[in-house]
Engineer: 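Below is the structure I would like to discuss, written out as structure tokens.
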Amino acid sequence: MPNNTPLDKLIKSVKNNIDSNHVVILPKNISKKFVKNVISLESIKNINIFYLEEYIFKINDENINTIRNCDSIYLESVLESTTTVFNKYNLTNETENILEIIDKLFLENNIFIEKNNFSVDGIIKKLNQNLVSFESKIFLEIVKLWIHKSLDEGTLINKYLSFLNKEFIFFSNCRHYVINSHDYSKLEGIWIEKYLPNLAIFNTNYKLIINEDNFDIKNINSYNSKDFGSQEEELEYTAKNIVEIHKLHKYKRIALINNNRYFARRLSAILDGYDIKVNDNSGWLLSTSSCSSYIDNILNFYIKNHNYINLHDIVKSPYFMPNVSSEIKNKFLDKVLIAQKNNVNADLLISEIDIKDEEIKISLLLLKNDNNFNDNVAFNVFKNFITNKIKDFGSKSLIENDIAGKKVYEALDHLSNINILKNNEETFFKWQEKLNTYLETKTFSQDNCSNIFYTDIKNALLCSFDKIFVSSMNSKNFPKKNINNFSKKNIIYS
């Protein structure tokens, strides 16, 4: 396995200076989780991984998350007050996407806002030359707002630009490693070279120009291409191959590259049957987790249909009253179904006097529907309802110790922080929609020490692998097109 890739060089340098403290700086198009998982297999300590923006805020004793939340709250409030296309999409996700575009735009053009040292008209004129489509004109208005907010209240990107533009004295005995210096803005590159002490830069050599007339693949025998009649056939072949080489215990790293998440999920399930785990740096959508489904079933039962179907989904969940046996739960459901005369869609009319078994009676009391869910309430009322039900149903401990469960709690806290200062109110149904839409954009993954990695081409180029599987090679999945974040149909800035 060759060792001239950025992470192989980094690992070698760290091992040669094992007593030092090490800081790895990554561009935002590289996964921190992937780099962390690769390094963790080497049992290396005294190493921290940051994106450059995070690190600069840290060494300047500034809380980046606090400033980012303030930006999000402000922009979401602005979008909420408009009657434009934004009302069609989830505002929290749309806000995050627009902030990402603004940050990139301001950084690339070094739009640093200082009192008495900038021209709004000059900035707008410069940007307006490259703006296209109706959505872009809306974006231009947001940029104007952002210029004034940067001046009056401050923004994360303006704070970041102030750090990058000012002189800085930085004393540190840490060894700093910067990966792929060509993926930073010009301003960031200058700051890196000027201020980071004990610096080593490791770049990926992926800008290879291929000429069809003289293209020659080195080590052609190490490449193997196969055609498959179906996806199931490809899954079977790939899984069997991985199982066989896993038994040999001779490969240090194996990469699985594909842009088809259904294929990846099916392959993970097959490998899991052989007790083979996979490191996944992108993870699975949080909305697909059993924890999210459980919470959604609770909300459906109380908000939408107080019927046997939704009750059944709650009671059958492993999160629901885990100390009560399956026998008791099934007995409870049977009693309810009999009382409902097998009408699974009708509202539950059963009461505790109809149930003789004490354990079942307790379950029924917990499931009573006493709230009015048609009223407009603050998000925290909605959030507290969820967390109280989780507690009542004995699910709190399981969810708090579940990888996806922790992410769901984080999502609830994030949405709470965004909405608490806005002081807006919605029905439970609207809040449920907002929560579900947000969870559909977030991911989770299990931490493990596997030497098999799900990744993409860009991340895979960071380190060497003994074997690489590139699956689902069809025009639908390769290349994978990026949908513009700002609008599902139009381009903003080119």
Side-chain angles (χ1 to χ4, degrees), residues 286-340 344-375 377-416 427-429 431-436 438-439 442 444:
L286 198 51
S287 58
T288 65
S289 68
S290 57
C291 174
S292 294
S293 297
Y294 175 59
I295 291 173
D296 199 44
N297 289 334
I298 292 174
L299 293 171
N300 287 339
F301 178 69
Y302 286 102
I303 298 171
K304 297 178 181 177
N305 294 301
H306 196 251
N307 59 21
Y308 176 82
I309 292 177
N310 287 326
L311 174 68
H312 175 274
D313 291 340
I314 293 172
V315 175
K316 280 293 188 178
S317 170
Y319 295 104
F320 178 77
M321 301 186 74
N323 294 327
V324 175
S325 69
S326 296
E327 182 183 358
I328 293 294
K329 291 179 182 179
N330 290 332
K331 185 179 177 182
F332 167 58
L333 289 173
D334 290 341
K335 291 285 186 181
V336 172
L337 192 57
I338 292 171
Q340 291 292 108
V344 296
N345 293 309
D347 285 350
L348 293 181
L349 300 175
I350 189 171
S351 66
E352 56 265 28
I353 61 174
D354 299 316
I355 300 293
K356 305 304 179 185
D357 190 294
E358 288 300 319
E359 285 185 90
I360 295 176
K361 188 180 291 187
I362 292 171
S363 299
L364 188 63
L365 286 169
L366 287 173
L367 289 158
K368 289 184 71 173
N369 189 3
D370 297 326
N371 292 61
N372 180 7
F373 297 103
N374 293 320
D375 293 340
V377 297
F379 181 82
N380 272 358
V381 174
F382 171 77
K383 174 189 171 185
N384 290 338
F385 173 81
I386 294 174
T387 54
N388 287 337
K389 288 300 175 187
I390 288 173
K391 184 178 179 181
D392 291 342
F393 296 163
S395 315
K396 185 178 180 182
S397 179
L398 281 178
I399 291 178
E400 285 181 340
N401 290 286
D402 180 80
I403 298 294
K406 291 176 182 176
K407 292 290 185 180
V408 170
Y409 273 125
E410 287 177 11
L412 287 169
D413 288 340
H414 176 73
L415 291 174
S416 175
T427 63
F428 269 68
F429 177 76
W431 284 130
Q432 182 186 10
E433 281 190 327
K434 189 177 182 74
L435 174 63
N436 287 342
Y438 187 72
L439 294 179
K442 302 304 171 185
F444 74 99

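Side chains are part of it too, since the values below use all heavy atoms of this structure and drop only hydrogens, waters and symmetry mates.
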Engineer: Does the side chain of L412 reach to within under 4.5 Å of the side chain of L435, using non-hydrogen atoms?
Structural biologist: yes
Engineer: Looking only at atom types and distance, does a side-chain atom of S395 sit under 3.5 Å from a main-chain N or O of K391, one as donor and one as acceptor?
Structural biologist: no
Engineer: So, do V408 and I399 sit near enough that their side-chain heavy atoms are less than 4.5 Å apart?
Structural biologist: no
Engineer: So, taking the atom named CD1 in I298 and the one named CD1 in I390, what distance separates them when rounded to the nearest 0.5 Å?
Structural biologist: 6.0 Å
Engineer: Looking only at heavy atoms, what is the nearest atom pair of Y294 and I314, with distance?
Structural biologist: CE1-O, 3.9 Å
Engineer: Any idea how F385 and F428 line up, ring-wise: parallel (<30°), tilted (30 to 60°), or perpendicular (>60°)?
Structural biologist: perpendicular
Engineer: What's the shortest heavy-atom distance between K304 and F429, and which atoms?
Structural biologist: CE-CE1, 3.5 Å
Engineer: Is V344 close to L337 at the side-chain level, that is, under 4.5 Å between some pair of heavy atoms?
Structural biologist: yes
Engineer: Where is the tightest heavy-atom contact between V315 and F320, given as atom of each residue plus distance?
Structural biologist: CA-CD2, 3.6 Å
Engineer: Please find the pair of heavy atoms, one from N307 and one from F301, that lie closest to each other, and give the distance.
Structural biologist: O-CE1, 3.6 Å
Engineer: Are any non-hydrogen side-chain atoms of F373 and Y302 less than 4.5 angstrom apart?
Structural biologist: yes
Engineer: For the atom pair OG (S289) and NZ (K442), what is the distance rounded to the nearest 0.5 Å?
Structural biologist: 14.5 Å
Engineer: Is a donor on one side and an acceptor on the other found under 3.5 Å between the side chain of D402 and the backbone of L398?
Structural biologist: no
Engineer: How far does CG of L333 sit from CG of L311, to the nearest 0.5 angstrom?
Structural biologist: 5.5 Å
Engineer: Evaluate side chain to side chain contact (heavy atoms under 4.5 Å, CB included) for N305 paired with N345, printing each intermediate quantity in order.
Structural biologist: CA-CA 8 Å; N305 294 301; N345 293 309; over 6 Å; no
Engineer: Counting distance only, does the side-chain N/O of N310 pair as donor-acceptor with the main-chain N or O of H306 below 3.5 Å?
Structural biologist: no
Engineer: Could you grab the distance from atom CD of Q432 to atom CD1 of I303, nearest 0.5 Å is fine?
Structural biologist: 4.5 Å
Engineer: For the NZ atom of K383 and the CG atom of N380, what is their distance to the nearest 0.5 Å?
Structural biologist: 5.5 Å
Engineer: How long is the straight-line distance from CG of L299 back to CD of E433, given to the nearest 0.5 Å?
Structural biologist: 12.0 Å
Engineer: Listed by chain and number, what are the side-chain contact (heavy atoms from CB on, under 4.5 Å) partners of K406, not counting sequence neighbours?
Structural biologist: none
Engineer: For the pair W431 (side chain) and V381 (backbone), establish whether a donor and an acceptor sit closer than 3.5 Å, ignoring hydrogens and angles.
Structural biologist: no
Engineer: What is the minimum heavy-atom distance between N330 and K316, and which atoms define it?
Structural biologist: OD1-NZ, 2.5 Å
Engineer: Taking all atoms of both residues into account, what is the closest heavy-atom pair of K329 and V324, and its distance?
Structural biologist: CE-O, 3.5 Å
Engineer: Quick check on K407: does its NZ atom have over 12 non-hydrogen neighbours (other residues, nucleotides or ligands) under 6.0 Å away?
Structural biologist: no
Engineer: Dump the intermediate steps for side chain to side chain contact (heavy atoms under 4.5 Å, CB included) on T387 and Y409, then the final yes or no.
Structural biologist: CA-CA 9 Å; T387 54; Y409 273 125; 3.9 Å; yes
Engineer: Who pairs with N436 by side-chain hydrogen bond (donor to acceptor under 3.5 Å, both in side chains), at least two apart in sequence or on another chain?
Structural biologist: D296
